[in-house]
2 protein chains.
Amino acid sequence: MIEKIATIEDVAEHAGVSIATVSRALHKPHVVSESTREKVQTAIAATGYTANVMARNLRLNRSGMILLLVPDIGNPFFSEILSGIEQGASKAGYNVLIGDTQNEPEREATYAAYLRSNQADAMILLNGRLPAPLANTPRGIIPPVVIACERIPGCNLPTVIIDNEKAAFSATKHLLDLGHSRIAHIAGPASNILTTDRVAGYRRALAESGIEANPSLIYRGDFSIESGISAARALLKDSKNRPTAFFCSSDGMAIGVIVAAKELGLRVPHDVSVVGFDDIHLAANYDPPLTTVRQPRRRLGEQAISLLLARLDKTGAIPGPAENPVIVPTELIIRQSTGPCPA
Amino acid sequence: MIEKIATIEDVAEHAGVSIATVSRALHKPHVVSESTREKVQTAIAATGYTANVMARNLRLNRSGMILLLVPDIGNPFFSEILSGIEQGASKAGYNVLIGDTQNEPEREATYAAYLRSNQADAMILLNGRLPAPLANTPRGIIPPVVIACERIPGCNLPTVIIDNEKAAFSATKHLLDLGHSRIAHIAGPASNILTTDRVAGYRRALAESGIEANPSLIYRGDFSIESGISAARALLKDSKNRPTAFFCSSDGMAIGVIVAAKELGLRVPHDVSVVGFDDIHLAANYDPPLTTVRQPRRRLGEQAISLLLARLDKTGAIPGPAENPVIVPTELIIRQSTGPCPA
DNA sequence: ATAATTAATGAAAACGTTTACACAAGAGGC
DNA sequence: GCCTCTTGTGTAAACGTTTTCATTAATTAT
């Protein structure tokens, strides 16, 4: 007994109509008479017909797929953004295909080619870099791409981000207000625009308090717990003029700093204050609960998908980037990892 | 200037050959003469041709898509499994489409329908439940589906899991060996087979030590930190005969227990020992570092995809579940959240 | 009554591929 | 010189849809 999947032709035959009528009964019911509509319905039930989406998409010249490029799907930071995107996409009848690029330009290029090969209708970039095939798009043609999380300088595609400079400023300001002056900054990777923006905010806050930024207090990590640990170990070694506070560019690195501080017998926040970035779920339940900059991750995803859907709707119209980039607000969440500067 | 994407026909014309030859030059190079192969190559370069994957897939009657059903993509537990799957899949030329079911049977059914509608060639289930459309597959027809993480009783599809009973046994045994006898168990949701298996392992360990399991020491959570907190609050309230140790069915709940214990001024492990499950990345860096059962998540994913690929290869052959289920070994990682029972 | 409109349907083209089949030309064996 | 093989290529059918266009029947307007 061979499994034969029913096609539209089987349905047509069973209902005694043409395949065109079956198709219309499904997609433009108002244009087909009630009696035949019923016949088609029973035929569909009888044959167990399910439309072949691939054939449909080929005809319609769309894939129904939105490609999402993320640097690392394992990072919980991205999963909530993803969730916001997924929800908006599926409401609009799209599926979200996740491309885990692992920060490799090669993989980015491979995925970006999906746009050309009709495997995806549009793309959202969370990776902060324009894939090669996209970079040399002919002038005047705007690809269906939205950038989220990290702005890409010199690229005027629709973008939704947070104000990293401002967020870093307020985090640093919080530490200054607590009386700290030796404030270290554990930054992200150098290649990252995030890093530049946050360092700038950190610097501005110090400057406004009349403090000259000390380059030896800026350390470069990679957002991971481990990089936070090693940064803190290095910075806290010299017990004489060690920093009394850390502003970290991710919650992971902040946790790393706390781990290292405890290792050295330092209490947080009594001896050392620590501010993170992102407000991952665990931040509230770490010991001590983390003071951090909350990124509205779900909102970020929602905004990104809605920008993209708008772009896909206007078939030929200029997708006016009226206010580009879209900026979603952050919030400094003060918990118990920060306290007054020790005497 | 209208953007016109080159088709195989454009290439054929440009090279002065038929479209059949172009197709062959691409997929069966040995069968076409060297000179035309070169002509085709230059034509491709000149036109900027990229094959339309959708058309190709329609013709070949495949989608190149593997559907992965997960209950919650936001859970970091799944992301490493995903990573293992993704790697194997992309090596075999497949893409992985993630279906976040949010534990809703409706969404599971919607996604499972992708198999019928040719949007996916195969499916991997991490959600521990057979989607409705799959449940009534005609006898004798084995759908291209692999189950991972949670076995589904009465379902003999290829499965790859850990031995939950045994893992729970060894975790509980570890606590017994430390002298604990009032050992609480924070279990997972009742609907979950995991829960049953782990409770059984917990019970067996107690029984082997001649301890009768006390039903009031078994609490039901949902794997979240929050549920761990409320379970521990309830169990630790009665300071008289409170448990001295907790075996938790997830690291999240274990962290919750620790949060609650600290809240009450109890020290871990001095006053209370805690064992988790999963060994998520943070477990090693929590305070204290968590004793936990390590699940080889990447291996789990790799095994699942390799089972699936094997199934997809043998076109009609019986995918002999020679050893079904495949069991990947777990490991008890002893860190500092467990210690001897207080006097 | 007849012309003009509307409503419902079917035939066939199209989407961009892959591949079964047919065919032509050249190579080799007798 | 003829038959057979091999090699390379083209023609056309198929994959399962949607949609344009034409056709018929039924309704309305004149």
Side-chain angles (χ1 to χ4, degrees), chain A residues 3-41 43-44 47-65 93 113-121, chain B residues 3-41 43-44 47-65 93 113-121:
Chain A
E3 160 107 275
K4 176 68 186 134
I5 267 203
T7 77
I8 198 173
E9 206 156 353
D10 300 325
V11 176
E13 195 174 354
H14 191 283
V17 298
S18 76
I19 63 169
T21 302
V22 174
S23 176
R24 279 188 288 250
L26 286 173
H27 301 293
K28 306 183 175 152
H30 56 280
V31 87
V32 56
S33 81
E34 172 140 4
S35 65
T36 48
R37 220 184 310 150
E38 278 168 10
K39 274 190 296 182
V40 169
Q41 286 303 342
I44 286 179
T47 54
Y49 170 71
T50 320
N52 182 325
V53 176
M54 233 159 35
R56 168 161 223 265
N57 285 346
L58 172 61
R59 177 57 225 254
L60 298 180
N61 194 33
R62 51 159 259 164
S63 67
M65 218 43 104
Y114 281 27
L115 280 185
R116 278 194 75 75
S117 60
N118 283 44
Q119 290 193 82
D121 297 335
Chain B
E3 160 108 277
K4 175 69 186 133
I5 268 203
T7 76
I8 199 173
E9 206 155 354
D10 300 325
V11 177
E13 194 174 355
H14 192 283
V17 298
S18 77
I19 62 169
T21 302
V22 174
S23 176
R24 281 188 287 248
L26 286 173
H27 301 293
K28 306 185 174 146
H30 55 280
V31 88
V32 55
S33 81
E34 173 140 4
S35 65
T36 49
R37 220 183 311 149
E38 278 168 10
K39 275 191 293 183
V40 169
Q41 286 303 343
I44 286 178
T47 55
Y49 170 71
T50 320
N52 182 325
V53 176
M54 232 159 34
R56 167 161 224 265
N57 285 346
L58 171 61
R59 178 56 225 253
L60 299 179
N61 193 34
R62 51 158 259 164
S63 67
M65 214 51 99
Y114 281 26
L115 280 186
R116 278 195 75 75
S117 61
N118 283 45
Q119 289 192 84
D121 297 334

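Numbered from 1 within each chain, the chains take letters A, B, ... in sequence-line order.
Among C:dT17, C:dA11, D:dT9, the nucleotide with an atom closest to any side-chain atom of B:Val32 is D:dT9. The side chain of A:Arg24 has C:dG10 as its nearest neighbour among C:dG10, C:dT17, D:dG10. The listed nucleotides are C:dT17, D:dT11, D:dT9; the one nearest the side chain of B:Ala20 is D:dT11.
At least one donor-acceptor pair under 3.5 Å links the side chain of B:Arg116 to the backbone N or O of A:Gly48. Side chain of A:Thr21 to backbone of A:Val17: no donor-acceptor contact under 3.5 angstrom is found.
Residues A:Asn61 and B:Thr21 each lie close to DNA chain C; by heavy-atom proximity, the contact nearer the 5' end of the strand is made by A:Asn61. When each of A:Ala6 and B:Ile19 is assigned the nucleotide of DNA chain D bearing its nearest heavy atom, the one mapping closer to the 5' terminus is B:Ile19. For A:Leu60 and B:Ala55, each mapped to the nucleotide of DNA chain D holding its nearest heavy atom, the one lying further toward the 5' end belongs to B:Ala55.
Among the heavy atoms of the strands lying under 4.0 Å from B:Ser33 are primed sugar atoms or P, OP1, OP2 only; no base atom is included. Residue contacts for B:Val17: at a heavy-atom cut-off of 4.0 Å it reaches the sugar-phosphate backbone alone, with no base atom in range.
Summarising the geometry, the separation between CD on B:Glu13 and P on C:dG16 is reported as 14 Å, rounded to the nearest angstrom. Per the geometry, NE2 belonging to B:His27 stands 8 Å off C1' belonging to C:dT17, to the nearest Å. If you take NZ of A:Lys28 and P of D:dT17, they are 16 Å apart, rounded to a whole angstrom. Rounded to a whole Å, the CZ atom of B:Arg62 is 16 Å from the C1' atom of C:dT19. In this entry the distance linking CZ of A:Arg56 with P of D:dT19 reads 7 Å, nearest Å. Taking atom CG of A:Leu58 as the reference point, atom P of D:dG16 lies 12 Å away to the nearest angstrom. One interatomic measurement links the two molecules: CG of B:Asn118 to C1' of D:dC15, which rounds to 10 Å at whole-angstrom precision. Taking atom CG on B:Leu26 and atom P on C:dT19, their separation rounds to 12 Å, with Å as the unit.
Going from atom CD of A:Glu9 over to atom OH of A:Tyr49 covers 11.0 Å, rounded to the nearest 0.5 Å.
For the pair B:Lys28/B:Val32, no side-chain contact is recorded, criterion being any heavy-atom separation below 4.5 Å from C-beta on.
Taking only side-chain nitrogens and oxygens, B:Thr36 never comes nearer than 4.0 Å to OP1 or OP2 of D:dG8.
If you check distances only, the side chain of B:Arg37 never reaches the base of D:dG8 with a donor-acceptor pair under 3.5 Å.
Judged by distance alone, the side chains of B:Asp121 and B:Ser63 do bring a donor and an acceptor atom under 3.5 Å apart.
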